Amino acid sequence: LNIPLLKVDQTGATAVHWAAAFGHLASLLECLAHDREAFSAAISIQDRKGKNPLHRSASFKSGCTQLLLTYASPEAIEQKDVQGSTPLIW
């Protein structure tokens, strides 16, 4: 796996954001197996709209939310986006 898990794109999103949004559970599991610490850290990264991968997974109902919750820090679960919503609002 040659994907830097903490690198952000022009929207502020990481590979974990995109995989979570589009329900790529296998990709998330591969990221987790490759670097558990970076995977957990990536869950806390907020994009330009203040959304972390948990926000994306929950709002798109992608089916990856349980995995992300398992490895998310308590702070990531409580992070608010620019509208003041936590990932658990969905």
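We number each residue from 1, following the sequence as shown. On a predicted model such as this, the values are computed, not experimentally measured, just so you know.
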Here the pair of heavy atoms bringing Arg56 nearest to Asp47 is NH2-OD2, 2.7 Å
For Ile43 and Ala72, the nearest pair of non-hydrogen atoms, with its separation, is CG2-CB, 3.7 Å
Under 4.5 Å between side-chain heavy atoms, counting indirect links through other Ile/Leu/Val/Met/Phe/Trp/Tyr residues: same cluster for Phe60 and Ile89 or not?
no
Discussion item. Do Trp18 and Val16 land in one hydrophobic cluster if side-chain heavy atoms of ILVMFWY residues count as linked below 4.5 Å?
Written reply: no
So CG of Leu54 and CG of Leu68: to nearest 0.5 Å the spacing works out to 5.0 Å
Discussion item. Side chains of Thr14 and Lys7, heavy atoms from C-beta outward: is any pair under 4.5 Å?
Written reply: no
dist Phe22:CZ -> Leu28:CG (nearest 0.5 Å) comes out at 12.5 Å
Rounding to 0.5 Å, atoms CG (Leu6) and CD (Glu37) come to a distance of 9.0 Å
Nearest heavy-atom contact between Ser44 and Ser73 is OG-OG, 3.4 Å
One should read off an interatomic distance between His34 NE2 and Arg36 CZ, to the nearest 0.5 angstrom, of 14.5 Å
**Prompt:** So, does Ser62 use its side chain to make a donor-acceptor pair with the main chain of Ala20 at under 3.5 Å?
**Reply:** yes
Output for pair (Glu30 CD, Ser27 OG), nearest 0.5 Å, gives 6.5 Å
When you measure from the side chain of Ser59 to the backbone of His55, do you find a donor-acceptor pair of N or O atoms at a distance under 3.5 Å? yes
Query - CA sep, side-chain torsions, deciding dist, call: His17, Ile45, side-chain contact (heavy atoms from CB on, under 4.5 Å) - result: CA-CA 9 Å; His17 279 84; Ile45 294 175; 4.1 Å; yes
Quiz prompt | salt bridge (Lys or Arg N to Asp or Glu O under 4.0 Å) assessment of Asp81 paired with Lys51 | solution = CA-CA 5 Å; Asp81 62 18; Lys51 296 184 184 300; 2.6 Å; yes
- Indicate yes or no: at least one non-hydrogen side-chain atom of Leu67 is less than 4.5 angstrom from one of Leu25. yes
Cys64 and Ala19 have their tightest heavy-atom pair at SG-O, 4.3 Å
For Ala76 and Pro87 the tightest heavy-atom approach is O-CG, 3.8 Å
Side-chain donor-acceptor contact under 3.5 Å, Asn52 with Gln46 | no
In short, Phe39 meets Leu5 closest at the heavy-atom pair N-CD1, 3.9 Å
**OP:** Test side-chain contact (heavy atoms from CB on, under 4.5 Å) on Thr65 and Trp90 and set out the steps.
**Re:** CA-CA 11 Å; Thr65 306; Trp90 304 102; over 6 Å; no
